[in-house]
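Numbers here are sequence positions counted from 1. The model shown is predicted, which means the values in this text are computed figures rather than measured ones.
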Amino acid sequence: MAPRAQGGAAQPATGTPPSRPERKPRDLKVAEAPAAGRRSITDVGTLLALGMFAVCLALAALHAVLVENQASLDDLIERNQQSRERIDQLQAQIAFLDSPEGLAEHADSVGLVPAAELVLLTPVGQGLLQPPVSDPFSLEFSGFQPTTTADTASSGGDTPAPGALARGKPSG
């Protein structure tokens, strides 16, 4: 039997690949390059994502700085509170030491004893007491006698004997 023709087309010979059916040519055009100022949606989305990432990174850095500053502020507040407590303790100690009980306790601790009799001193009014004739703070008033030139020559120098000034009288 002889091969039949289907649809008016002849069958190709065996061993050759079948030919493709021919398609109608479409009206294809060459696309123009996009304008320089025009962005595609993916470019805008990428820029927005990068911007959001940069904002989140900046917020994280700002948060880290705030946490660090808050920690140092907490340390300063704690030190300030400890200083206030120490000041309060010292003020209470000063108040006790200035009180009669504190003064009596300190006097006992250094070996002072109460006086045998109580003497009240009264101030003297203006013009009722004659001024001193000599200076009460001078060395002569206290009984100190300066060394004479003969004493200095016998002692062997310009300096008085050891202990002479400590007693307030020349050694001799």
Checklist line | Sequence-distant partners of Thr42, side-chain hydrogen bond (donor to acceptor under 3.5 Å, both in side chains), two or more places apart | finding: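 Checked Thr42 against side-chain hydrogen bond (donor to acceptor under 3.5 Å, both in side chains); matches are Ser40.
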Notebook entry, point to check: Quick one: side-chain hydrogen bond (donor to acceptor under 3.5 Å, both in side chains) partners of Gln91, sequence neighbours excluded?
Noted result: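 Partners of Gln91 under the side-chain hydrogen bond (donor to acceptor under 3.5 Å, both in side chains) test: none.
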With a cutoff of under 4.5 Å between side-chain heavy atoms, which Ile, Leu, Val, Met, Phe, Trp and Tyr residues group with [X]?
| X | value |
| --- | --- |
| Ile77 | Leu73 |
| Ile87 | none |
| Phe96 | Leu97 |
| Leu76 | none |

Check: Which pairs count as side chain to side chain donor-acceptor pair (under 3.5 Å) when at least one residue sits in residues 59-74, sequence neighbours excluded?
Finding: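 As it turns out, the side chain to side chain donor-acceptor pair (under 3.5 Å) pairs with a partner in residues 59-74, which skip direct neighbours, are Gln70-Asp74.
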Donor-acceptor pairs are to be reported for all side-chain atoms of residues 102-112 against protein atoms at under 3.5 Å, with residues two or more places apart or in another chain.
from: Ser109; atom 1: OG; to: His106; atom 2: O; distance (Å): 2.7

Notebook entry, point to check: Quick one: CD on Glu85 to CG on Leu90, what's the gap to the nearest 0.5 Å?
Noted result: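 Rounded to the nearest 0.5 Å, the CD-CG separation comes to 12.0 Å.
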Margin query: Using the side-chain contact (heavy atoms from CB on, under 4.5 Å) criterion, which residues pair with Glu22? Sequence neighbours excluded.
Written below: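 Not a single residue meets the side-chain contact (heavy atoms from CB on, under 4.5 Å) criterion with Glu22.
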